[in-house]
Amino acid sequence: MTNRDLIRAFKLAAQLLELHDENPFKIRAYEGTANALDQLNFQVADMDRTGLPDRTGLSKSAAARVAELLDTGSFDELTRLLAITPPGVVELLNIKGIGPKKIRQLWREAGIESPEQLREAAEQDQISKLKGFGKKTQDLILAALEFTSQSKGKLLFPQAEALATDLQARLREALRTEQVAVAGELRRCLETIETIVLVAATSTPDRGHDALDALEGLAAEPAQCGVYCWRGTTTESGVKVEVHFVTKENFTNQLFLLTGNEAHLTEALPSAMPGQPATLRQVVKKERFYQEEAIYEKVGLQYVVPELREGRGELTLAKEQKIPRLLEDTDLRGSLHNHSNHSDGAHTLRQMAEWLRDHQYQYLGICDHSQAAHYANGLSPERVRQQQQEIDQLNQELAPFRIFKGIECDILSDGALDYTPDVLSSFDFVVTSVHSNLRMDERKATERMLRAIENPYCTMLGHPTGRLLLRREGYPLDFKAIIDACAKHGVIIEINANPWRLDLDWRWVRYALDQGVRLSINPDAHHTDGYADMRYGVLMGRKGMLTPDMTFNALSVEEVAAYFAERKANIKPPLEYKKSLFE
DNA sequence: TGTCTAAAGACACTTGTGGATGCCCACAA
């Protein structure tokens with residue numbers, strides 16, 4: 001059981017207490033425990049139970065509940081609360097936009113006990129008639145239900161990858177072959193995965209079937225299966241699994257056919273002569289290959305890596321040998337946009353810096369939350385000053401490693417930044433992000449963001465849409481206008497590498513590059529473990545053909561320092577920005 | 001629930017915002 005699981009349990013208990021209208025202070029206490037656990041920089045499960053309160057700073061009874069969770073998977077109060085709540089009502093807690101109080105009312109007054117019943121009632125216009133609800137809330141509920149149902153049966157890339165790796169290992173063992181490969185969406189590194197596709201070379205597919213049928217957590221769908229194909233779903237997430245059994249000789253051809261999307265495989269080949277195969281699929285149907293490179297070579301194309309096989313113009317570029325050398329993990333020289341325990345991170349500045357230094361990176365950009373983000377312990381100007389002093393000291397000690405003074409500055413509702421210019425000018429760089437008022441329409445959201453981009457102190461745009469994949473839709477934006485403005489004002493755009501975000505969406509990367517906008521792979525790490533997410537950002541960049549020379553944090557520490565210094569030197573504060581005319 | 005000051009009982013809520021509804025609920029990390 002990870003800290004995440006513990007946090008989830010305490011949050012659930014708090015929500016259930018609220019649902020049952022219990023003591024508000026008790027609710028607070030449970031939320032407090034969840035928050036306290038969130039701040040820890042070690043896994044509670046690894047610790048000696050008797051030392052829990054001392055090491056975690058939790059109260060005795062909270063620590064006892066944590067111990068109970070670790071031992072039994074639940075605690076008394078949580079078990080009691082779950083027992084008196086219909087499972088469907090617990091499910092309602094996952095719907096964005098309605099909280100425990102509204103759910104209590106839906107349950108007690110309208111007898112709604114599941115998302116399905118809620119949908120029916122909303123569709124029949126019954127919800128809008130309840131006290132405290134109206135037409136808008138009803139529409140919001142329907143939209144949230146729709147989003148939740150669309151997210152069903154899908155996994156984030158890392159979750160799907162872990163599952164696929166496990167399946168791959170099991171199949172390798174069962175079939176006694178190394179030739180088991182991941183194909184499909186996962187091999188193309190899509191941000192969310194609906195079907196996990198594997199290809200296995202074997203002359204005994206029945207053994208593969210037996211192995212898969214015997215796996216716990218996997219349910220076969222016999223109607224969809226054949227001798228050479230096993231299909232089913234994972235019981236926990238509902239994500240589909242598809243395993244294709246092929247002969248050794250057909251392995252490469254099948255892997256190829258099961259990797260590229262339909263558009264990639266059926267796009268007319270730029271060089272096709274009459275009588276020759278007209279598409280990549282036809283090429284592979286006609287001839288047997290042992291290397292994917294040979295397939296492209298056969299038709300005079302540059303090799304196309306799997307993550308580019310989306311049918312978005314890559315074949316035309318391949319024809320002209322114009323697919324660039326794509327960004328790789330090892331190109332990154334530093335990590336910008338990370339948090340420390342000054343705001344809501346788990347590690348100290350020193351820990352965040354030393355981790356990067358010890359892993360051969362040259363610099364850290366620290367971007368704690370700005371003052372408006374109270375919920376995340378955002379920094380007041382005074383605390384900004386203290387943090388910057390600490391950074392100065394650390395920089396002396398850790399040189400040539402360098403910590404850049406940054407901030408994740410909230411973009412307020414009207415597009416203004418969250419500090420006065422004199423505070424903003426104290427940073428080396430400023431990442432601007434939206435964290436509040438996420439339900440704007442496209443016009444308003446775009447105007448708000450444009451105003452932030454035009455602000456001379458804005459160095460970089462953070463997670464542009466605010467989306468949380470499978471959990472929350474981002475606000476709509478006119479991306480073209482946003483990217484054009486970034487080009488005009490020299491603003492870098494982040495690819496937030498947190499697997500929940502992956503925002504800027506990779507589908508806009510090429511447009512940004514074409515406008516000359518540089519991108520930065522930012523993990524938004526709140527913990528040293530979070531740095532590992534940079535890998536997902538690199539994958540998204542690659543899907544958009546991001547090159548090392550257009551990646552801001554592929555620059556060396558000297559280049560980054562020079563860039564920040566020059567940009568700052570060019571800021572001419574407008575008259576009204578000055579604190580006093582007599583300065 | 002948990003902590004504090006005083007020995008059982010008082011007192012404490014990240015916070016600010018927006019939006020929908022009829023005065024409060026949900027959300028941001």
Side-chain angles (χ1 to χ4, degrees), chain A residues 4 7 10-11 13-15 17-19 21-39 53 57-65 75-78 92-106 127-141 144 337-346 367-380 383 408-414 416 418 433-441 444-445 448 462-463 465-468 471-475 496 498 500-501 524-527 530:
Chain A
R4 267 297 116 221
I7 291 164
F10 280 101
K11 280 193 176 159
Q15 284 183 307
L17 285 170
E18 198 167 359
L19 180 72
D21 205 11
E22 299 207 25
N23 183 344
F25 293 113
K26 196 169 167 181
I27 298 169
R28 266 283 105 85
Y30 278 61
E31 284 170 350
T33 305
N35 282 336
L37 287 167
D38 204 17
Q39 302 300 311
L58 296 174
S59 68
K60 254 190 230 141
S61 49
R65 263 176 227 111
F75 56 87
D76 264 358
E77 181 91 27
L78 180 59
L92 292 176
L93 291 167
N94 295 322
I95 297 165
K96 282 262 163 201
I98 49 170
K101 294 211 175 94
K102 287 238 153 87
I103 293 170
R104 186 203 304 155
Q105 207 187 335
L106 289 167
I127 301 299
S128 67
K129 298 189 178 91
L130 291 170
K131 187 172 149 46
F133 290 74
K135 183 90 178 63
K136 292 219 173 182
T137 306
Q138 182 172 274
D139 291 346
L140 188 80
I141 287 173
H337 188 174
N338 301 289
H339 297 262
S340 74
N341 61 1
H342 281 257
S343 65
D344 61 345
C367 295
D368 276 310
H369 286 280
S370 63
Q371 53 190 351
H374 291 280
Y375 51 84
N377 193 20
L379 271 53
S380 65
R383 289 178 58 218
E408 182 177 18
C409 183
D410 268 38
I411 301 173
L412 306 178
S413 287
D414 62 355
D418 190 23
S433 312
V434 166
H435 289 113
S436 56
N437 197 0
L438 303 180
R439 270 197 242 136
M440 283 186 180
D441 60 40
K444 275 194 180 161
R448 172 196 204 180
H463 49 67
T465 73
R467 73 180 182 186
L468 293 177
R471 261 204 302 204
R472 172 176 89 201
E473 221 153 356
Y475 34 84
N496 190 297
N498 184 310
W500 284 102
R501 295 192 183 269
D524 201 352
H526 286 69
H527 189 289

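Proteins come first, then strands; the chains are lettered A, B, ... in the order of their sequence lines, and each starts at number 1.
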Worksheet item: Is A/D76 atom CG crowded by more than 12 heavy atoms from other residues, nucleotides or ligands, each under 6.0 Å away?
Response: no
Practice prompt. Side chain of A/K26 only, please: which of B/dA29, B/dT1, B/dA26 is the nearest?
Written response: B/dT1
Practice prompt. Take nucleotides 15-21 of chain B nucleotide by nucleotide from the 5' end and write B, S or -, depending on whether a protein heavy atom sits under 4.0 Å from the base, only from the sugar-phosphate, or from neither.
Written response: SS-SSSS
Worksheet item: So what does A/D38 touch, heavy atoms closer than 4.0 Å: a base, only the sugar-phosphate, or nothing?
Response: nothing
Worksheet item: side-chain contact (heavy atoms from CB on, under 4.5 Å) with A/K136: which residues, sequence neighbours excluded?
Response: none
Item to complete: Report which part of the nucleic acid A/I27 touches: base, sugar-phosphate, or nothing (heavy-atom distance under 4.0 Å, all strands).
Response: nothing
Response to the item:
Secondary structure of DNA chain B per the Watson-Crick/G-U criterion (both distances under 3.5 Å; [ ] crossing, | other strand, . unpaired) is (((((..)))))..(((((....))))).
Worksheet item: Listed by chain and number, what are the salt bridge (Lys or Arg N to Asp or Glu O under 4.0 Å) partners of A/R448, not counting sequence neighbours?
Response: none
Worksheet item: For A/G32, which contact category applies under a 4.0 Å heavy-atom criterion: base, sugar-phosphate, or nothing?
Response: nothing
Discussion item. Checking A/H463 now: which residues fulfil ring-ring contact (aromatic ring centres under 6.0 Å, His included) with it, not counting sequence neighbours?
Written reply: A/H435
Fill in: Separation between the P atoms of B/dC24 and B/dA29, rounded to whole Å
27 Å
Worksheet item: Given B/dA29, is OP1 or OP2 found less than 4.0 Å from the side-chain N or O atoms of A/R501?
Response: yes
Worksheet, complete the sentence: In whole angstroms, the gap separating C1' of B/dA28 from NE2 of A/H526 amounts to 12 Å
Worksheet item: Sequence neighbours excluded, which residues qualify as side-chain hydrogen bond (donor to acceptor under 3.5 Å, both in side chains) partners of A/N35?
Response: none
Discussion item. Does B/dA28 have OP1 or OP2 under 4.0 Å away from a side-chain N or O of A/K96?
Written reply: yes
Worksheet item: Partners of A/E473 by salt bridge (Lys or Arg N to Asp or Glu O under 4.0 Å), sequence neighbours excluded?
Response: none
Discussion item. Base, sugar-phosphate or nothing for A/L140? Non-hydrogen atoms, less than 4.0 Å.
Written reply: nothing
Discussion item. Once side-chain contact (heavy atoms from CB on, under 4.5 Å) is applied, do any residues pair with A/R439, and if so which ones, sequence neighbours excluded?
Written reply: A/L140
Worksheet item: When all nucleic acid strands are considered with a 4.0 Å heavy-atom cut-off, which category describes A/R472: base, sugar-phosphate, or nothing?
Response: sugar-phosphate
Fill in: Nearest-angstrom distance, C1' atom, B/dA10 to B/dT14
23 Å
Worksheet item: For the pair made of CZ in A/F25 and P in B/dA10, what is the distance, rounded to whole Å?
Response: 13 Å
Worksheet item: What residues, two or more places apart in sequence or in another chain, satisfy side-chain contact (heavy atoms from CB on, under 4.5 Å) together with A/R471?
Response: A/L468, A/W500
Item to complete: Answer yes or no: are there more than 12 heavy-atom neighbours, outside A/K26 itself, under 6.0 Å from its atom NZ?
Response: yes
Fill in: Rounded distance in Å between the C1' positions of B/dC25 and B/dC13
16 Å
